[in-house]
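Remember, it's a predicted structure, so these values are computed and weren't measured experimentally.
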Amino acid sequence: MASFGFLVHGSTGHFFYQFLDGKIPGTDPMSVALKVGIDQTLWAPVFMTMFFTYMGLFDMAPETIIPTIKKLMFVAVSSSWKCW
């Protein structure tokens, strides 16, 4: 899992959040709420898809990727929503 963070999440997260900050500058409550909303509705599902795909490939079990996404996507994303 550490390799996912180093190889995938760090770089993709960096560029996504940098892009988001460029489009929605500021740290006022409305800007932050909008950024969190975009993060949780757009980025979280993309991120989870990347995560489940990476883990399936890392485990050398690509046949598990689609079933895992179908089974765990909503659980993972809704857990992220509960955190925010």
Side-chain angles (χ1 to χ4, degrees):
M1 237 192 279
S3 62
F4 173 78
F6 178 73
L7 297 172
V8 180
H9 181 55
S11 57
T12 58
H14 168 77
F15 288 111
F16 173 74
Y17 294 118
Q18 189 174 38
F19 170 79
L20 197 57
D21 281 339
K23 297 296 179 189
I24 307 168
T27 57
D28 60 283
M30 188 61 175
S31 296
V32 172
L34 187 56
K35 290 177 195 179
V36 170
I38 291 170
D39 172 60
Q40 292 300 303
T41 57
L42 299 178
W43 181 246
V46 171
F47 172 78
M48 289 300 160
T49 300
M50 290 189 307
F51 177 76
F52 293 135
T53 301
Y54 183 89
M55 294 310 290
L57 295 173
F58 186 80
D59 291 341
M60 293 188 219
E63 69 281 356
T64 66
I65 294 170
I66 299 298
T68 301
I69 289 172
K70 287 180 179 180
K71 180 180 178 185
L72 297 177
M73 177 65 79
F74 184 73
V75 173
V77 173
S78 63
S79 294
S80 181
W81 297 340
K82 290 173 189 172
C83 181
W84 286 100

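- Applying the side-chain hydrogen bond (donor to acceptor under 3.5 Å, both in side chains) test to pairs two or more places apart or on separate chains, those with a residue in residues 26-45 are Tyr17-Asp39, Asp21-Lys35, Asp28-Ser31, Gln40-Ser80.
- Atom CG of Leu57 sits about 13.5 Å away from atom CZ of Phe52, to the nearest 0.5 Å.
- Phe15 contributes atom CZ, which lies 15.0 Å from atom CG of Leu20 (distance to the nearest 0.5 angstrom).
- For the atom pair CE of Met55 and OG of Ser3, the computed distance is 7.0 Å after rounding to the nearest 0.5 Å.
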Exercise answer: donor-acceptor pairs, residues 62-75 side-chain atoms, under 3.5 Å, sequence neighbours excluded:
residue	atom	partner	partner atom	Å
Thr64	OG1	Ala61	O	2.7
Thr68	OG1	Thr64	O	2.6

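- Placement of Val32 and Phe19 in two distinct hydrophobic clusters is found when ILVMFWY residues are connected by side-chain heavy-atom separations under 4.5 Å, directly or transitively.
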Intermediate values then yes/no, side-chain contact (heavy atoms from CB on, under 4.5 Å), Val77 and Trp81: CA-CA 6 Å; Val77 173; Trp81 297 340; 3.3 Å; yes
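- Each of Ile38 and Met30 belongs to its own hydrophobic cluster when Ile, Leu, Val, Met, Phe, Trp and Tyr are linked at side-chain heavy-atom distances under 4.5 angstrom.
- Aromatic pair Phe51/Phe4: ring centres closer than 6.0 Å.
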